[in-house]
Asks: 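Input: one structure, supplied below.
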Amino acid sequence: MRALLTAGSRAVLVELDTLEEVIQVHESLRLDRPVGCVDLVPAARTLLISFDPDRTTRKALADDLSSRTGATHRSPQPRVVEIPVVYDGTDLAEVARLSGLTVGEVVRRHGTARYTVAFCGFAPGFAYLSGLDPALHLPRRPVPRTRVAPGSVAIADQFASVYPRASPGGWHLLGRTSAELWSIERQPPSLLTPGTQVRFIQVTS
């Protein structure tokens, strides 16, 4: 843990050095939540912890965090979501060219990787998935699109994701899925929540 910062009267912001540390600390707190902890919001290098001041204090949370190591808290049966993908994305050939791979190898590497939802953001239901094959780590498109179709399966930087709704976007589009990423009729509404493991399964239609 690099720093523990005050975030209002009911939250603290934990600064960490790497995305992997965020995932580990979040998983530890999710599985063994401290007394008085109300909510956890992970991001790329930080973790926001909101708490009930009638039940705990910043110092108690700091003491708890200092005693934890993420490796000691892993879910024995993590939730796994399989997402069917038709690999016909607009940027598939361009991703192959930029990565020096064939289209088939791009599809294989994207589909065989094992992903973990690191955090959510950008739009409701948009999950940043860690675990993308390093050969597919590409910067975002130089010019974002003004509209990306819902269900578009995409990659950018070290992450993979699926656009839950139509929106602007600068990620590379590899394919599409019929999976519903966000529904207010579901609890929780987001199909992909932090800590969930994700597998992409190639389908033809």
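As the structure is a prediction and not an experimental result, all values here were calculated from the model.
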Asks: Could you check whether any side-chain heavy atom of P53 comes within less than 4.5 Å of a side-chain heavy atom of S9, counting everything from C-beta outward?
Replies: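 No, side chains not in contact.
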
Asks: Taking only residues two or more places apart in sequence or in another chain, which ones pass side-chain contact (heavy atoms from CB on, under 4.5 Å) with P142?
Replies: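 With neighbours one apart ignored, the set is empty.
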
Asks: Do any side-chain atoms of residues 165-172 form donor-acceptor pairs under 3.5 angstrom with protein atoms, and if so which ones, sequence neighbours left out?
Replies:
from : atom 1 : to   : atom 2 : distance (Å)
H172 : NE2    : P139 : O      : 2.7

Asks: Under the side-chain hydrogen bond (donor to acceptor under 3.5 Å, both in side chains) rule, what pairs show up with a residue in residues 40-63, not counting sequence neighbours?
Replies: K59-D63

Asks: Which other residues belong to the hydrophobic cluster containing V35, where Ile, Leu, Val, Met, Phe, Trp and Tyr are joined when side-chain heavy atoms lie under 4.5 Å apart, directly or via other members?
Replies: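 In the cluster with V35 there is nothing else; it is isolated.
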
Asks: Which residue pairs pass the side-chain hydrogen bond (donor to acceptor under 3.5 Å, both in side chains) test with at least one member in residues 188-202, sequence neighbours excluded?
Replies: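 Found R79-T196, T193-T196.
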
Asks: Applying salt bridge (Lys or Arg N to Asp or Glu O under 4.0 Å), name anything that partners D88, two or more places apart in sequence or on another chain.
Replies: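 Only R176 meet the salt bridge (Lys or Arg N to Asp or Glu O under 4.0 Å) criterion with D88.
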
Asks: Indicate the atoms forming the closest heavy-atom contact of T177 with P84, along with that distance.
Replies: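 Here T177 and P84 meet closest at OG1-O, 2.5 Å.
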
Asks: Under 4.5 Å between side-chain heavy atoms, chaining through other members, with only Ile, Leu, Val, Met, Phe, Trp and Tyr counted: pull out the rest of the cluster around L13, sorted by chain and number.
Replies: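 Members other than L13 - counting any ILVMFWY side chain reachable under 4.5 Å - are L5, V41, L48.
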
Asks: V85 and L132: same hydrophobic cluster, using ILVMFWY side-chain contacts below 4.5 Å?
Replies: yes

Asks: May I ask you to test the S130-Q158 pair for a side-chain heavy-atom distance under 4.5 Å?
Replies: no

Asks: According to a hydrophobic-cluster definition based on side-chain heavy atoms being under 4.5 Å apart (Ile, Leu, Val, Met, Phe, Trp, Tyr only), do Y128 and L173 belong together?
Replies: yes

Asks: Heavy-atom distance under 4.5 Å between the side chains of L138 and E94, does that happen here?
Replies: no

Asks: For the hydrophobic clusters of this structure (ILVMFWY residues joined by side-chain heavy atoms under 4.5 Å, transitively), does one cluster hold both L174 and L129?
Replies: yes

Asks: Say you draw a straight line from CG of L16 to NE2 of H26; how long is it, rounded to the nearest 0.5 Å?
Replies: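 Result: 12.0 Å between the selected atoms.
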
Asks: How far apart are the C-alpha atoms of L61 and L4, what are their side-chain angles, what is the distance that settles it, and do they pass the side chain to side chain contact (heavy atoms under 4.5 Å, CB included) test?
Replies: CA-CA 10 Å; L61 288 172; L4 187 68; 5.6 Å; no

Asks: Report yes if some heavy atom in the side chain of E180 is under 4.5 Å from a heavy atom in the side chain of R186; otherwise report no.
Replies: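 They are in contact (side-chain heavy atoms under 4.5 Å apart), so the answer is yes.
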
Asks: Compare every heavy atom of A43 with every heavy atom of L19, then report the nearest pair and how far apart it is.
Replies: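 In this case the closest contact between L19 and A43 is CD1-O, 4.2 Å.
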
Asks: Please check if Y163 and I155 belong to a single hydrophobic cluster, counting links between Ile, Leu, Val, Met, Phe, Trp and Tyr side chain heavy atoms closer than 4.5 Å.
Replies: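 No, Y163 and I155 fall in different hydrophobic clusters.
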
Asks: Check side-chain contact (heavy atoms from CB on, under 4.5 Å) between D17 and all other residues, then give those that pass, not counting sequence neighbours.
Replies: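 D17: side-chain contact (heavy atoms from CB on, under 4.5 Å) contacts with R2, E21.
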
Asks: Could you list the residues that satisfy salt bridge (Lys or Arg N to Asp or Glu O under 4.0 Å) with R140, not counting sequence neighbours?
Replies: D157

Asks: Is it possible for you to say whether F159 and F200 belong to one hydrophobic cluster, with membership spreading through side-chain heavy-atom contacts below 4.5 Å?
Replies: no

Asks: Roughly how far, to the nearest 0.5 Å, is CG of D64 from CG of D32?
Replies: 7.0 Å

Asks: Look up atom OG in S178 and atom CD1 in I83, then write down how far apart they are to the nearest 0.5 Å.
Replies: 10.0 Å

Asks: Anything under 3.5 Å between a donor and an acceptor, one on a side chain of residues 104-120, the other on a protein residue two or more places apart or in another chain? List them.
Replies:
from : atom 1 : to   : atom 2 : distance (Å)
E105 : OE1    : R108 : NE     : 3.1
E105 : OE2    : R108 : NE     : 3.4
E105 : OE2    : R108 : NH2    : 2.8
E105 : OE2    : R109 : NE     : 3.0
R109 : NH1    : D133 : OD1    : 3.4
R109 : NH1    : D133 : OD2    : 3.4
H110 : ND1    : Y87  : OH     : 2.7
T112 : OG1    : R108 : O      : 2.8
R114 : NH1    : T112 : O      : 3.3
Y115 : OH     : H110 : O      : 2.8

Asks: So, does S161 use its side chain to make a donor-acceptor pair with the main chain of A154 at under 3.5 Å?
Replies: no

Asks: Side-chain heavy atoms under 4.5 Å apart, restricted to Ile/Leu/Val/Met/Phe/Trp/Tyr: what other residues fall into the cluster of V203, or is it alone?
Replies: V86

Asks: Mind checking who shares a hydrophobic cluster with I184, ILVMFWY linked at side-chain heavy-atom distances under 4.5 Å?
Replies: W182

Asks: Under the side chain to side chain contact (heavy atoms under 4.5 Å, CB included) rule, what do L29 and L65 come out as? Steps first, then yes or no, please.
Replies: CA-CA 9 Å; L29 293 171; L65 287 166; 3.9 Å; yes

